[in-house]
Each structure stands twice: as C-alpha cells, then as structure tokens.
Amino acid sequence: IRALISDQLRYINVAKEWLTIQDLAEIRRRKIGGGRIGGKSAGMILAQHILQNNSELSDLPCLSMPESFYVGSNEFYTFMSINDLLKWNDQKYKTENEMREEYPHIEDEFHKGTFPPDILDQLQTMLIKIGKQPIIVRSSSLLEDNFGTSFAGKYESIFCPNQASLAENLKNLTSAIAQIYASTLNPNALLYRRSKGLLDYDERMALLIQLVEGDQYGDYLMPHAAGVAFSRNLYRWAPQIRSEDGFIRLVWGLGTRAVDRVGNDYPRLIALSHPMLRPSNDPRSIRRYSQQYVDLIDLKQNKYTTLPIHQVLAADYPPLRYIAQVDEDGYYESLRSTLISDPQKLVLTFDVLLERTPFAERMKTILKSLEEAYHSPVDVEFTASVGDDPTGTPRLCITILQCRPQGHLIQTEVERIPSDLVPEKILFSTDFMVPQGMVGAVDWVIYVQAEGYFALTSNAERSALARTIGKLNDLQKEESFICIGPGRWGSSNADLGVPISYGDIYHARSLVEMAGEHCGLPPEPSLGTHFFQDLLESQIYPLALQLDTPATVFNRGFFDGAKNQLLTLLPEAAVFESCLRVLRIADSYPGET
C-alpha cells in the first residue's frame, strides 16, 4: 500500500483492513508510469472496498464506482525534468504577489511541454480501449484528500469530451494533464500548503482518469443527479435535524455546481435525518433558490458547458418526474404525464426522488459505513441515476466518485452568552445556522462596506480589493480578527460578493456574510463546497447576517463610524478607503475585545 497508493500512516492503518493483494494487482494493471497513485485515487479505492465488503450494504443494488485509470506521481517530475520546469520549484518560497504575477507564465510553459514517448503510448492505448466516452482528468496529489489536508479545489480537474479523432483526443488529454501539473504551483495551492506547514513536503501530482458518469439525452451527457454528501451535518436549520445523519448538496447534471461556489445558483440542500425539511418552505423561495443552470458534456460540440436548465429540460427527459415539479402559482405539482403546458414552470425540487425512492436512506447507510471504517466523519462525491423497472418500481443506482475525511470545527467549550449585555455594545447577533464553538478575544474587524463595494465598477477593481484583503490577512496574522462583508465571500461572481480565495483570509477567525436589501443575495451558506471545507480545516467559523430579519442585530453605527485603520496598516490601499474598513475594537471600546 505504501509503495503503490499512499505513505500517509492514518490511511495505511485503515486501508490494510480492507485491501487485498488482488486489489493491488488490479491497481497496477490500470496504472500508467511509476510512483504512487495519490490521495484522491486512494480515497476512491478504499471507499469502493469498504462498501463492497460491508455485509450491511450487500442488499443495496446498483452501487458502483466509475471505471478508472491512474498516472503515477513519478511522471510529474519526469515531465518537469525533460521540459526544464524544475526551475519553478522555488515558487513556494516567494511572496504572494510574486506567485500571482508569475503563474500565467508558468501555465504557458507547462502547456508547451512534451511527454515521454512511452507515456504517450500508454495514454493512447487507454483512449483506444475506452472509445469515445467522455472522461475527467482529476488531480490526485500525494497530500490530497488526507486527514486534515483535503486540498479541496486547490488543484484542477478537467473534463475531456473525447469526441474527436484519436490524435485530437490525445492532444486534449495531454493538455489537461499539463494544466493539472501546473496547478501544483497555483498560488492558492502554495498558500494552502504554507498555512498547513507543508511547503517542504515532496508534493507530487498523480492523476485519476475516470469515465464520466451519466446518460446521453439528445446531444448532451450528464447524470440524473450528482452532488457531495457529508456524514456529519455541521449546520442545522431546524432543531429536529440530527447532525449524525449527514447532509447533501444535490444538483442535476455534473456535480461541479454542488462543490464549487458558483454565482446566482442554488443546489438542493438535504438534511438526511429529515430529507423533505427545507431551510425555507415559502413557495417563492423554493423556486428562487432552486437550480437555474446545468453543467454537462455537449457531445456534438465536443465540450464541457453550462446551459440554462429550461434550454435542456423537456417533457421526454426520462427521469424528469423524479427531479422536477410544475409550479402552479406557488403550489408544486408532481408530473403525471408528458404533457407540460409551459416548460418554464418546471422547477428542480428533487422532491419525488426523495419521497418515492430510497435515495436518502441509502446515502445515509453509505455515509455511516464509510465513517465507521475511516474512524472519522467523511465526505463523498457521487452521482445517481433513477428510472422505472418493468413493474414500474423506481430503480436507483448510486456511483461513488470520491471519498475523503470530512473537515470539521474542533468542538470548544461554549460559554453561555451573558443575558445582561448592554444593547449598544452588541456589534452583531444572528441565529441563522450558527455553528457550535467559540472565538474569544477578537481585537480587529476587516469590514467591507456594501455600498462602497457595489459602487466599484469593474471585476478588476473587485479582484484588487480581494488581493488587498489578502495583504491585510498577512499583516494581521498574529492578531485575532474576523472578516465581515456583503453577499457571498469567495463567490466566482464578483457581483455577488468579494472574490477572495482561501489564501486571502486563512488567518481570520470568522467569516461573516451580510445579506439584505442593497447588500447582496440572501445567504446560501457554503455548506459542502470546497470553500466550506477550507474554512472548517482552518477553524474559521462561517456566519450569515440576514439584515432584513428582525432577530438579527447589526450595529451599523460602529461599523460605519469607527476609526478606519486601513491606511495605518496599508498606506497603498487608499483607493479602497471608501469601501474597506479595518477596525480595532479598542479604539471604540478601550480595554475590551
């Protein structure tokens, strides 16, 4: 196991209970090149054998893993060596600005690189074997998906539709591999390693190549459902929800929209103890906070793409009745025929999937089994397909794509909030999905003012603001500070929130999102996204302030009126003085934190 899969002792201690010599021989048969197969492959293989060998799951039909191939980690150094790329190994010791300035040049050099003839031969043989089935090339570095270091979203995964000639498909595949190799020098990955004390670990990139799960519908290929599932639900939106039963983010199509914090879109959030219990049951909210776009493979155009759901959904889509309902003036009606008067009324609710199939119970059983074997909470990426057998009974199939230890907030002893607090000294208060834990002695607040932020006129300005917050994060690393801002921190769409990355805020103690009129979308908590995983691993508490809710307190007088220390700390940031405020608590409340 150590030689072929992983040198991480916690992994080895679990894997040796489940893997056999025959299992290792099968891995070797599917491996290209030398070295280990890396963390992502390791987690998938271990999950496969835990589930296959668990007698409690033997009655679960149609539980599978995608067909997979592996490129060994030694080929990463071979590629860098023959293309004179080892000179970039010192990137990890440079400043963040230097990393970000040089990374586009690094990507360009990696894409110009060539591969050894024997590796090209084996990659071509693999493509011949699988034919014109779409594949995904996934990062699987030695450190990835381990206990305490998930590297969630730090390295790239790239879809290859694989619909062209063999030569063109091979070219697209090697381009994807080069991009993933380059992502080891991505500033966000290097800053993550720095925060974990792993800069000097010999991090090598292996690759996991999987057939894309899904069914063809017209020119498109996508799963009926996909998402990410957690064995522990760290955020409960109702008191009856049981944390130990787990949580799912579910989408139609490829699962990318479930794990990435995308723009104006929403997955279905499912608490497995109460699958039908939504964060909001208001009919308008159900439609507004439903999925609006679908990620899929366009086979005709030979590309991965994103389309509005109503451009793809139609009455003849086989699993339609399980994933969608018709909005009849606020009443959501299940489909009983293929006659739909207005396709624009279709809303992706997944209610019938949850009500009429054993999906929730099966996912709960899978998560409990993996958590027990791992001796740790886990998170799992998966796809699902559903249809009717000849008797009309729903037939559900689940495919496990990835498994890793779940990041979690270390439980701290929570002091009871004093009941005699002076109202003017309460800076903010919320009861919306508050995690259990305590951050004491906060001395500083980095506050992004909503009006000033949304007055910025370009994405370039908003990205520059995010980098400025990154500089403050570094300057304040020895201080106890929290960040407060409008909309969604870390959104890929700068119109919805400050587009920071993990490297910009990893010294913060809490990340607070404001929502309300003129302040951004109502918060869709980052539950289950790669960004959320980062916050948990770094013990950064995520919070949301719904400013339009009467129960929420927000002391605007303090946040807008307290002395701004921005220019004292960072004189070159004067251009952002109108929207970025750095507040020291002691300036307004001497002797207090």
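Given the structure is predicted, the values throughout are model-derived calculations rather than measurements.
Among pairs with a residue in residues 21-33, those fulfilling side-chain hydrogen bond (donor to acceptor under 3.5 Å, both in side chains) read T20-Q22, T20-D23, D23-H49, E26-R29, E26-R30, at least two apart in sequence or across chains. Applying the side-chain hydrogen bond (donor to acceptor under 3.5 Å, both in side chains) test to pairs two or more places apart or on separate chains, those with a residue in residues 62-73 are S64-T399.
Side chains of D298 and T305: no donor on one and acceptor on the other come within 3.5 Å. Side-chain N/O atoms of Y374 and S231 include no donor and acceptor closer than 3.5 Å. Looking only at atom types and distance, the side chain of Q291 has no donor-acceptor partner in the side chain of R268 under 3.5 Å away.
Residues passing the side chain to side chain donor-acceptor pair (under 3.5 Å) test with T383, sequence neighbours excluded: none. Residues meeting the ring pair (Phe, Tyr, Trp, His ring centres under 6.0 Å) test with F69, sequence neighbours left out: none. Not counting sequence neighbours, W18 has no partner by the ring pair (Phe, Tyr, Trp, His ring centres under 6.0 Å) test. The side-chain contact (heavy atoms from CB on, under 4.5 Å) test applied to A229 returns I248, M363, L367, F382, not counting sequence neighbours. Among residues two or more places apart in sequence or in another chain, the side-chain contact (heavy atoms from CB on, under 4.5 Å) test is passed with N162 by L127, I130, N169. With sequence neighbours left out, N473 forms a side-chain contact (heavy atoms from CB on, under 4.5 Å) with F481, Y506, H507. Residues passing the salt bridge (Lys or Arg N to Asp or Glu O under 4.0 Å) test with E109 are K87, sequence neighbours excluded. The side-chain contact (heavy atoms from CB on, under 4.5 Å) test applied to E102 returns W88, Q91, K94, not counting sequence neighbours. Evaluation of the ring pair (Phe, Tyr, Trp, His ring centres under 6.0 Å) rule for Y181 yields F76, F79 as partners, not counting sequence neighbours. For F576, the ring pair (Phe, Tyr, Trp, His ring centres under 6.0 Å) criterion is met by no residue, not counting sequence neighbours.
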Check: Yes or no on side-chain hydrogen bond (donor to acceptor under 3.5 Å, both in side chains) for E156 and S183, after CA distance, side-chain angles and deciding distance?
Finding: CA-CA 6 Å; E156 296 198 35; S183 70; 5.3 Å; no
Item checked: side-chain contact (heavy atoms from CB on, under 4.5 Å) evaluation trace for R462 with D495 -> CA-CA 9 Å; R462 293 172 179 179; D495 290 335; 2.6 Å; yes
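Side-chain contact check for L472 versus L580: some heavy-atom pair is nearer than 4.5 Å. Within the 4.5 Å cutoff, no side-chain heavy atoms of V228 are placed close to those of V380.
A donor-acceptor distance shorter than 3.5 angstrom exists from the side chain of S140 to the backbone of I37, with no hydrogens or angles considered. The backbone N or O of Y201 lies less than 3.5 Å from a partner atom in the side chain of R193, making a donor-acceptor pair. Between the N83 side chain and the T114 main chain, a donor and an acceptor come within less than 3.5 Å of each other. Judged by distance alone, with hydrogens and angles left aside, the side-chain atoms of T174 form a donor-acceptor pair with the main-chain N or O of K171 at under 3.5 Å. A donor-acceptor contact shorter than 3.5 Å links the side chain of T468 to the backbone of A464. Of the possible donor and acceptor atoms, one in the side chain of T78 sits under 3.5 Å from a partner among the backbone N and O of N74. Judged by distance alone, the side chain of S139 and the main-chain N or O of S157 form no donor-acceptor pair under 3.5 Å.
No salt bridge links K471 with D504; every basic N to acidic carboxylate O contact stays at or beyond 4.0 Å. Here E372 does not pair with K368 in a salt bridge; the nearest charged N to carboxylate O distance is not below 4.0 Å. Between R2 and D7 there is no salt bridge, since no side-chain N of the basic residue sits under 4.0 Å from a carboxylate O of the acidic one.
Heavy-atom neighbours of L86 CG from other residues, nucleotides or ligands within 6.0 Å: above the threshold of 12.
In summary, of the residues considered (I50, N53, V14, L24), a side-chain contact (heavy atoms from CB on, under 4.5 Å) with L19 occurs for L24 alone.
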